Amino acid sequence: MKPVLTFSFLSLLALAACNEDTAFSPPEESGLVGVRPFPAEGDVCQVIGENDLTNQFLDDSATLVGCPKTETGAISDRKAEGGREVGEVGKWVLLSVPN
């Protein structure tokens, strides 16, 4: 029975490590102001509000959107929609998405 417990413990450690790689922190932990999910409720990207870290990236003709660096699919989707990568702050990629 002991080998089964050891195997189970090691499996849990491996699973925790995998989940840690794909998890991301909220934009506020990187100093950003998350306003709402983008493009719709439940999405990982966020409309990012203005503060000292983001005012240089704001544009009246676009929406500033942040996506976690680990969410490469979401970043690719925003770029496919016309978004342009403008910077990185902490663990987030910032994109300027045309209105």
Side-chain angles (χ1 to χ4, degrees):
M1 185 181 272
K2 198 170 192 174
V4 173
L5 291 175
T6 303
F7 177 74
S8 296
F9 177 71
L10 292 176
S11 297
L12 288 174
L13 282 177
L15 183 59
C18 289
N19 286 339
E20 195 172 300
D21 290 341
T22 59
F24 56 87
S25 59
E28 291 76 14
E29 284 189 25
S30 290
L32 299 170
V33 178
V35 176
R36 63 176 167 76
F38 184 90
E41 192 65 37
D43 286 312
V44 297
C45 297
Q46 295 271 319
V47 171
I48 300 297
E50 182 176 4
N51 69 11
D52 289 341
L53 296 173
T54 61
N55 58 14
Q56 64 195 6
F57 303 117
L58 296 175
D59 179 349
D60 290 339
S61 64
T63 301
L64 185 61
V65 174
C67 299
K69 287 182 186 179
T70 58
E71 297 295 323
T72 56
I75 294 167
S76 293
D77 289 346
R78 301 300 74 84
K79 288 180 178 180
E81 297 163 358
R84 180 177 52 87
E85 191 171 328
V86 294
E88 290 185 10
V89 174
K91 296 181 179 181
W92 287 70
V93 173
L94 299 178
L95 301 111
S96 182
V97 180
N99 292 338

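Along the sequence shown, the residues carry numbers beginning at 1. Note that the structure is a prediction, hence the values are computed from the model and not measured.
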* May I ask whether Leu53 and Phe24 are part of the same hydrophobic cluster, defined by side-chain heavy atoms of I, L, V, M, F, W, Y residues being less than 4.5 angstrom apart, directly or through others? =>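 Yes, because Leu53 and Phe24 connect within a single hydrophobic cluster, where side-chain heavy atoms sit under 4.5 Å apart.
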* **Linked, directly or transitively: Val33 and Val86 (ILVMFWY side chains, under 4.5 Å)** =>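 No, because Val33 and Val86 fall into different hydrophobic clusters, even though each may have its own neighbours under 4.5 Å.
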* To do: With sequence neighbours excluded, give me every salt bridge (Lys or Arg N to Asp or Glu O under 4.0 Å) pair touching residues 25-34.
  =>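 Qualifying pairs, neighbours excluded: none.
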Can you give me every donor-acceptor pair (side chain of residues 72-79, partner residue at least two apart or in another chain, under 3.5 Å) with its distance?
residue: Ser76; atom: OG; partner: Thr72; partner atom: O; Å: 3.0
residue: Arg78; atom: NE; partner: Glu81; partner atom: OE1; Å: 3.0
residue: Arg78; atom: NH2; partner: Glu81; partner atom: OE2; Å: 2.9
residue: Lys79; atom: NZ; partner: Glu85; partner atom: OE1; Å: 3.1

Over all heavy atoms of both residues, which pair between [X] and [Y] is shortest? Give the atoms and the distance, please.
X: Asp43; Y: Phe38; answer: CB-O, 3.2 Å
X: Glu50; Y: Thr54; answer: CA-OG1, 3.3 Å
X: Pro27; Y: Ile48; answer: CB-CD1, 4.2 Å

Can you give each donor-acceptor pair under 3.5 Å made by side-chain atoms of residues 89-99, sequence neighbours left out, with the distance rounded to 0.1 Å?
residue: Trp92; atom: NE1; partner: Ser25; partner atom: O; Å: 3.2
residue: Asn99; atom: OD1; partner: Thr63; partner atom: N; Å: 3.3
residue: Asn99; atom: OD1; partner: Thr63; partner atom: OG1; Å: 2.7
residue: Asn99; atom: ND2; partner: Asp60; partner atom: O; Å: 3.4

* Qualifying disulfide bond (SG atoms under 2.5 Å apart) pairs with a residue from residues 25-95, counting only residues at least two apart or across chains ->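 The answer is Cys45-Cys67.
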* Can you list the residues that meet the side-chain hydrogen bond (donor to acceptor under 3.5 Å, both in side chains) rule with Glu88, with sequence neighbours excluded? ->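 So Glu88 forms a side-chain hydrogen bond (donor to acceptor under 3.5 Å, both in side chains) with Lys69.
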* **Within 6.0 angstrom of Asp52 CG, more than 12 heavy atoms from elsewhere** =>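 Counting other residues, nucleotides and ligands, CG of Asp52 stays at 12 neighbours or fewer.
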* Atom CD of Glu41: over 12 foreign heavy atoms under 6.0 Å ->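 Incorrect, the count does not exceed 12.
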